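Only one structure is covered here, and it is reproduced in the block below.
Numbers here are sequence positions counted from 1. All values derive from a computational prediction rather than experimental measurement.
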Amino acid sequence: MEVAKPIVRIFLKYGQLLPLIRALGHLEMNTITDVSTLFRGNTLLSKCVDETMRLGGKFYLESFMKDHIDRIFLEQKYCEIDPVRLADGGDLNLNMLNLVSYIEPILTSITSSALSCPSLMSEILSELKQSAKSKYPERREIHYSVVAGFILLRFVAPAILNPELFDLRKEGGRTETVTRTLTLVSKAVQSVGNCLSNESNKVLIKESYMEPIMTKFCSEPYLQSMKVFLDTVSSTNVIHSSFPVKLKEGILTKRAQGRSRFGWKNFKRRYFCLTTQELRYSRSAKSNPLGRIPVSEIQSTQFLTEGSSFDLKNMFQVILSSRQLYIQARHSVEAKEWKDALDFVASRNHLQRERNMFHPDAFIGGHWRCCKGSDQGNPGCREVPSFQVPVDIDVNREVEKVQSLLLKNMEKLSRLHDHCHNDYLSLHKELPQHIQDLTASRYHTLTSMQACVTSLEQEHRHHVKQMYQRNVYGSEHAPIGEDTVNYAPTYQYIMALVGSADRPSPSTPPEITRC
């Protein structure tokens with residue numbers, strides 16, 4: 001479902017993703033016929049939640065899973081427990097021990113990671129669980145099934161199976177042994193999630209060779225830990241990790257604090273380390289910290305205006321509760337990686353943010369370069385953006401993707417509209433009111449959608465034709481004497497946009513002979 005990706009980004013940009021998920025959740029809850037398939041299909045809701053977790057869960061996933069994935073790739077232990085697949089001379093008992101040695105710490109890391117779950121993911125999982133509670137208030141296994149279905153079956157398990165797609169590993173280095181081990185570990189994680197979905201906490205064993213694994217990890221101690229994990233990640237309370245998990249480290253240039261004037265001597269190279277508890281810096285990785293900043297003080301991270309503050313590139317500021325910390329990265333990619341990591345820990349503080357304003361430039365020469373204010377204690381001249389996920393979103397581009405997808409599938413949209421129109425005309429007053437309302441709403445929505453797509457396409461073609469007319473050879477925008485080498489690409493691009501049905505038939509621009 002290609003449309004899910006741009007839709008998530010658009011709604012995320014405008015802070016309306018949660019209401020969208022809530023509406024889609026209620027719709028699916030009211031139309032479900034088999035509770036065992038609740039939120040399990042490839043619907044718009046499930047695809048939107050998948051995309052949100054992919055966008056916002058990168059650092060969260062990396063914090064508890066990357067070391068285990070790296071270990072599997074490094075050790076290359078044989079874990080085949082299917083007798084049919086077992087190679088000649090293979091030791092089934094040893095392979096079982098190897099597999100358990102991977103699964104056990106991975107499950108422990110998963111259940112211990114709940115306090116680091118990004119707030120946006122927690123809010124979405126909480127919404128979906130509340131939807132299930134409203135319809136099945138006494139069915140706790142359904143509540144767990146909803147949360148486990150998304151975070152375990154659609155996020156963690158696929159990441160184990162294909163770590164390259166989730167930025168846990170770079171491409172290459174995968175062998176058949178590693179692939180099989182990842183498959184078996186992923187199956188085990190899915191089994192625990194499925195086990196919680198049943199009222200009896202038992203799961204159907206489809207492959208007999210997996211029975212020893214499922215008997216061990218679907219036992220009460222593991223299930224109880226997993227229930228606590230699912231309850232925690234679907235809670236919207238602001239909570240903090242009881243143990244540090246290293247998220248990022250490296251050498252950065254920091255502006256020294258408490259100096260009376262600015263200059264290169266005020267900038268020092270320091271080793272920085274960000275964990276789920278604090279941001280600390282020191283002279284080297286092995287020396288004692290010179291400063292510690294609890295993550296609870298980190299409100300946001302913003303890039304400084306390029307070429308303005310300190311006349312340096314790749315500068316960003318960590319906005320704290322009562323001050324700001326200026327840092328320079330070696331290059332733009334490193335600056336973006338640090339901003340993403342810092343935004344990840346800041347996401348846990350968005351409900352108790354103490355500072356809502358910031359300055360996009362520094363205080364230099366007795367005034368703020370951004371607003372020219374002379375009060376150094378002024379908290380800011382711009383509002384701190386609301387945190388969602390660490391990703392830059394071009395709304396115009398995402399809307400264009402939606403328009404292109406709808407236009408591409410206009411024939412299907414028309415057939416669906418005709419079908420809904422027939423349903424709408426044949427409505428009976430004897431039908432339940434919610435069925436009547438749903439049918440009418442579906443028809444009117446499709447009517448509006450068709451009209452919108454058609455109107456946008458007409459405006460687009462009109463705009464492109466105007467561009468063509470302005471760029472006709474000999475016009476103001478393409479005067480005679482211009483090099484055809486520069487003119488031709490623009491001409492061909494515009495003609496391609498106009499489309500063959502609406503193209504005029506201009507003559508080819510004449511060759512230009514240079515003197």
Side-chain angles (χ1 to χ4, degrees), residues 25 28 32 34-43 45-47 49-50 52-54 57 60-61 64-65 68-69 99-100 102-114 116-118 121-122 124-129 131-133 136 139-163 165-166 168 181-207 209-235:
E28 190 162 335
I32 193 72
D34 183 2
V35 70
S36 64
T37 63
L38 181 61
F39 301 146
R40 294 294 180 95
N42 289 323
T43 62
L45 170 66
S46 61
K47 290 296 184 181
V49 177
D50 289 349
T52 304
M53 291 192 295
R54 289 284 294 272
Y60 168 57
L61 190 63
F64 69 86
M65 188 58 67
H68 299 293
I69 299 296
L99 183 58
V100 169
Y102 288 135
I103 296 173
E104 193 158 28
I106 284 178
L107 287 177
T108 300
S109 292
I110 292 173
T111 55
S112 301
S113 72
S116 299
C117 183
M121 285 177 59
S122 293
I124 288 176
L125 293 174
S126 176
E127 282 288 346
L128 296 173
K129 186 170 73 172
S131 295
K133 280 186 173 181
Y136 306 101
R139 305 271 310 266
R140 289 194 55 131
E141 75 279 3
I142 296 179
H143 309 162
Y144 287 125
S145 173
V146 169
V147 182
F150 281 108
I151 198 164
L152 292 181
L153 276 60
R154 303 184 72 101
F155 185 55
V156 176
I160 295 172
L161 189 61
N162 295 293
L165 299 180
F166 290 78
L168 294 176
T181 300
L182 294 176
T183 300
L184 293 171
V185 173
S186 180
K187 283 177 177 287
V189 172
Q190 292 181 59
S191 297
V192 176
N194 286 326
C195 190
L196 290 170
S197 304
N198 297 329
E199 192 172 3
S200 60
N201 284 344
K202 291 182 180 180
V203 64
L204 178 64
I205 300 175
K206 298 180 180 179
E207 298 145 325
Y209 64 85
M210 287 293 293
E211 185 173 358
I213 294 295
M214 295 166 72
T215 300
K216 176 178 177 61
F217 293 109
C218 290
S219 60
E220 187 58 31
Y222 291 99
L223 294 182
Q224 189 58 39
S225 297
M226 191 59 71
K227 287 179 180 179
V228 173
F229 165 75
L230 297 176
D231 284 334
T232 306
V233 295
S234 58
S235 169

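Looking at residues two or more places apart in sequence or on another chain, you find no side chain to side chain donor-acceptor pair (under 3.5 Å) involving Thr181. Not counting sequence neighbours, Phe155 has no partner by the ring pair (Phe, Tyr, Trp, His ring centres under 6.0 Å) test. Scored by the side chain to side chain donor-acceptor pair (under 3.5 Å) test, Ser225 finds no partners at all (sequence neighbours excluded). For Tyr60, the ring pair (Phe, Tyr, Trp, His ring centres under 6.0 Å) criterion is met by Phe64, not counting sequence neighbours. Here Ser186 pairs with Gln190 under the side chain to side chain donor-acceptor pair (under 3.5 Å) rule; sequence neighbours left out. Taking the ring pair (Phe, Tyr, Trp, His ring centres under 6.0 Å) definition, one finds that Tyr222 meets it with Phe217, sequence neighbours left out.
Looking at every heavy atom in both residues, Arg154 comes nearest to Gly149 through CG-O, 3.0 Å. Among all heavy-atom pairs drawn from Ala188 and Met210, the shortest one is N-CE, 4.2 Å. Here the closest heavy-atom approach between residue Ser113 and residue Phe229 is recorded as OG-CE1, 3.7 Å. For the pair Leu61 and Ala159, the tightest heavy-atom approach, listed with the atom from each and the gap, is CD2-CB, 3.4 Å. For Leu125 against Val233, the heavy-atom pair with the smallest separation is CD1-O, 3.9 Å. Here the shortest heavy-atom pairing between Cys218 and Ser191 reads SG-O, 3.9 Å.
Within the 4.5 Å cutoff, the side chain of Ile160 has no heavy atoms near those of the Leu168 side chain. By the 4.5 Å heavy-atom criterion applied to side chains, His68 and Pro105 are counted as neighbours. The shortest side-chain heavy-atom distance between Leu152 and Val189 falls under the 4.5 Å cut-off. Between His143 and Leu230, the closest side-chain pair of non-hydrogen atoms is not below 4.5 Å.
Taking CZ from Arg140 and CG from Leu196, the interatomic distance works out to 11.0 Å, rounded to the nearest 0.5 Å. Separating the CG atom in Asp231 from the NZ atom in Lys129 is a distance of 5.0 Å, to the nearest 0.5 Å. Considering NZ of Lys47 and OG1 of Thr52, their distance stands at 13.0 Å, rounded to 0.5 Å. Atom CD1 of Ile151 sits about 4.0 Å away from atom CE of Met121, to the nearest 0.5 Å. Atoms CD and CD1, on Glu207 and Ile213 in that order, are 12.0 Å from each other to the nearest 0.5 Å. Between the CG atom in Leu182 and the OH atom in Tyr102 there is a gap of 9.5 Å [rounded to 0.5 Å].
The closest donor-acceptor contact from the side chain of Thr108 to the backbone of Glu104 lies under 3.5 Å. Proximity of a side-chain donor or acceptor of Ser126 to a complementary backbone N or O of Ser122 within less than 3.5 Å is not detected.
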message: Using the rule given for side chain to side chain contact (heavy atoms under 4.5 Å, CB included), can you reason through Val192 versus Ile110, listing the C-alpha separation, both sets of side-chain angles and the distance that settles it, and then say yes or no?
response: CA-CA 12 Å; Val192 176; Ile110 292 173; over 6 Å; no
query: Checking side chain to side chain contact (heavy atoms under 4.5 Å, CB included) for the pair Ile124/Met53: CA distance, chi angles, key distance, verdict?
result: CA-CA 10 Å; Ile124 288 176; Met53 291 192 295; over 6 Å; no
